[in-house]
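One structure is given below, encoded as structure tokens.
For the single chain, residues carry numbers from 1 onward in sequence order.
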Amino acid sequence: MAYFYEEPSHTFGEYLLIPGYSSAECVPDNVSLRTPIVKFNKKAGEDSPLSMNIPMVSAVMQSVSNDRLAIALAKEGGISFIYGSQTIEQQAAMIARVKMYKAGFVSSDSNIRPDQTLEELESLIEKTGHSTVAVTENGTADGKLVGIITERDFRKNRCPPQSPVSTYMTPFKDLIKAKEGITLDEANDLIWEHKINQLPILDEKGHLQYLVFRKDYASHEQHPKELLDNQQRYIVGAGINTRDYMDRVPELLKAGADVFCLDSSEGFSEWQQRALHDIHKKWGTEVRVGAGNVVDRDGFNFLAEAGADFVKVGIGGGSICITREQKGIGRGQATATIEVAKARDEWYEKTGIYIPVCSDGGIVHDYHITLALAMGADFVMLGRYFARFDESPTNKLIVNGNYVKEYWGEGSNRARNWQRYDLGGEKKLSFEEGVDSYVPYAGRLKDNVRMTTSKIAHTMCNVGVLTIPELQKKAKITLVSQASINEGSAHDVTVRNTTIHAE
């Protein structure tokens, strides 16, 4: 007879944290969100060879994790896993671009078209605070460069506000520029040699890639949590599948990948066991590979035995995932996280090896991240969350009068990532397990991630803890009723959608 669980599985939205005693030292500035990402011998007093400064990684998805988002997230202390549902060469090139990016090479935050007016330029400068603006054909950060304009190139009271930017910009032919691949030292030499304040870096087709400024705008002071390797390069991960890993892994290692993740909808399989064994046998255990996804103790123990460096939890909980309604498999994300974290703790007591747990899916609100951490996760993987930002690789559109960004699942027909759902059969997607959708546009990654981590830190202070391990040990969590959930939102009032500005 089939085994029946006595209790239903639950989602994060069904729980709340109970406040604890907060000492005078328990203030957000004292909270550390540093967390391990790969396994280590904790009982022997070792530290994880790879940790993050915030407990957030971006999902292995075409619509989420490319090189631009990876750089932006590494600046804030997290890791992106560049999607593997592309050719080996394309993925390796993305990894290489992240590793080539060093402090001093910045994406242009202020861009304008040559046909736009000085009035529009002034508004942009006022909004961004940047006095140097790249002029590209389409007004985007990676458009074809046609010029540079600064606020010193025109005078507000002497130049007609409706004049086009092209009239006053320094045109492309007069610019000192460099090709992608130049080192920071070489770029700085050009800047000083030609007595310029900024140097545009272009690809082979003349599209803007970065700007190098005389003043380093990407300094560590602006990004105190940035995640760097021992060569001062940004940390980046890569998604791999269970088919071509023997060909893909060496190329990604050559490009500089720091950590891998077996990208599969279901990790309790011989295919993942084989992949972990083959990779570690060929390249050694210093090549770090996470595995998953699983939802129970048996799945965790299987992957731990197989050599996984971290274990990913969650089946069917993603906002674009329809695995549960297509196949009828999965488990509530909170319940799955709790059970797998308990199995992780049992494994640690037995072996002394601490294997980090990643909760993947089911995050709707920022506080769900804090709940996932309190329930035992060491970090969370997010797709929809990061898909909303400027840095994600998808198009920004206007739908029904609102700005949105495209977002599709790896199990959708659009992604055609059959390897993620591979059960050893034909090389095709038998049926869809993901949807094609839109998500509300939310602006820059930096602004949103800093807001989210601020909420996490404040909540941890309410609980009375300063670190994630403390949170996992001391948190008190309560299951709530639907009436309690309703009570927790604005109710019995008419909400005014106005913003009151202080004088």
Side-chain angles (χ1 to χ4, degrees), residues 12 17 26-35 37 51-59 64-81 98 101 103-110 126-130 141 216-228 234-237 358-359 363-374 377-393 396 403 405 439-463 465-468 471 499 501-502:
F12 294 128
L17 287 158
C26 202
V27 293
D29 284 347
N30 290 338
V31 170
S32 169
L33 296 180
R34 189 163 177 82
T35 192
I37 194 169
S51 295
M52 295 185 293
N53 292 324
I54 63 171
M56 301 164 69
V57 301
S58 68
V64 178
S65 296
N66 66 348
D67 49 308
R68 189 178 178 208
L69 189 129
I71 292 166
L73 183 53
K75 285 182 178 181
E76 300 308 313
I79 295 177
S80 283
F81 284 88
V98 178
Y101 187 104
F105 291 87
V106 297
S107 296
S108 179
D109 286 337
S110 301
E126 184 178 349
K127 178 183 177 182
T128 63
H130 296 163
D216 185 356
Y217 284 110
S219 68
H220 185 70
E221 289 182 359
Q222 283 192 315
H223 300 282
K225 294 182 179 179
E226 64 184 352
L227 202 58
L228 303 171
Y234 287 121
I235 300 289
V236 63
C358 169
S359 182
I363 303 293
V364 179
H365 303 293
D366 287 345
Y367 81 90
H368 290 171
I369 299 175
T370 319
L371 275 169
L373 299 173
D378 296 281
F379 56 99
V380 297
M381 178 171 278
L382 303 160
R384 180 193 60 84
Y385 177 90
F386 287 111
R388 303 172 300 146
F389 303 148
D390 285 321
E391 294 84 356
S392 75
K396 178 182 169 185
Y403 281 109
K405 293 207 75 176
V439 289
Y441 167 69
R444 296 192 301 174
L445 179 146
K446 178 178 75 172
D447 299 332
N448 286 275
V449 166
R450 291 186 180 184
M451 177 64 75
T452 296
T453 52
S454 176
K455 290 179 184 179
I456 296 170
H458 278 77
T459 304
M460 287 171 62
C461 286
N462 291 141
V463 174
V465 300
L466 294 175
T467 67
I468 292 173
L471 177 67
T499 301
H501 297 282

- Task: Tell me, with the steps shown, if Thr128 and Ser110 meet side chain to side chain donor-acceptor pair (under 3.5 Å).
- Result: CA-CA 7 Å; Thr128 63; Ser110 301; 3.0 Å; yes

- Query: Just checking, Arg384 and Phe386: is the charged tip under 6.0 Å from the six-membered ring centre and within 45° of the axis?
  - Reply: no

- Message: In the structure I gave you, are the side-chain heavy atoms of Met56 and Leu382 within less than 4.5 Å of one another anywhere?
- Response: yes

- Item | side chain to side chain donor-acceptor pair (under 3.5 Å) partners of Ser58, counting only residues at least two apart | Ser65, Ser80

- Message: Keeping Thr35 on the side-chain end and Asp378 on the backbone end, is there a donor-acceptor pair under 3.5 Å?
- Response: yes

- Message: Is the shortest side-chain heavy-atom distance between Val236 and Ile79 below 4.5 Å?
- Response: no

- Query: Can you name the nearest heavy-atom pair linking Ala374 to Leu17, along with the distance?
  - Reply: CB-CD2, 3.8 Å

- Note on the structure: What one should report as the nearest heavy-atom pair of Glu391 and Gly443 is OE1-O, 4.4 Å

- Query: Counting N and O atoms only, with roles assigned by atom type, does the side chain of Arg450 sit under 3.5 Å from a partner on the main chain of Asp447, one being a donor and the other an acceptor?
  - Reply: no

- Task: Please determine which of Lys225, Arg34, Glu76 meets the side chain to side chain donor-acceptor pair (under 3.5 Å) test together with Asn53.
- Result: Arg34

- Message: Would you say that Cys26 contacts Val465 through its side chain, given a criterion of any heavy-atom pair below 4.5 Å between the two side chains?
- Response: no

- Atom CG of Leu227 and atom CG of Leu73: how far apart are they, to the nearest 0.5 Å? 8.5 Å

- Note on the structure: Note: Val380 and Cys358 closest approach over all heavy atoms is C-SG, 4.1 Å

- Item | side chain to side chain donor-acceptor pair (under 3.5 Å) partners of Thr453, counting only residues at least two apart | none

- Task: Take Asp390 and Leu445 through the side-chain contact (heavy atoms from CB on, under 4.5 Å) test and state the conclusion after the steps.
- Result: CA-CA 7 Å; Asp390 285 321; Leu445 179 146; over 6 Å; no

- Between the side chain of Thr452 and the main-chain N/O of Asn448, is any donor-acceptor distance below 3.5 Å? yes

- Item | Cys461 vs Val31, side-chain contact (heavy atoms from CB on, under 4.5 Å): CA-CA, chis, key distance, verdict | CA-CA 8 Å; Cys461 286; Val31 170; 3.7 Å; yes

- May I ask you to test the Asp366-Ile456 pair for a side-chain heavy-atom distance under 4.5 Å? no

- Query: Looking at Tyr441, does the NZ or CZ of Lys405 lie under 6.0 angstrom from its six-membered ring centre and within 45 degrees of the ring axis?
  - Reply: no

- So do Ser392 and Leu69 actually touch side chain to side chain, heavy atoms under 4.5 Å? yes

- Message: Any non-hydrogen side-chain atom of Val57 less than 4.5 Å from a side-chain atom of Ile37?
- Response: yes

- Item | Between OG1 on residue Thr459 and CG on residue Leu371, distance to nearest 0.5 Å | 8.5 Å

- Residues that Tyr367 engages under ring pair (Phe, Tyr, Trp, His ring centres under 6.0 Å), provided they are two or more places apart: His365

- Hey, does Tyr234 have a side-chain heavy atom less than 4.5 Å from the side chain of Lys75? yes

- Answer whether the closest heavy-atom distance between the side chains of Phe12 and Val364 falls below 4.5 Å. no

- Query: How long is the gap from CD1 on Ile54 to CG on Leu33, to the nearest 0.5 Å?
  - Reply: 8.0 Å

- Task: Grab the two heavy atoms, one from Ala141 and one from Ser108, that are nearest each other, plus how far apart they are.
- Result: CB-O, 3.3 Å

- State, to 0.1 Å, how close Val98 and Ala70 come at their nearest heavy-atom pair, and which atoms those are. CG2-CB, 3.8 Å

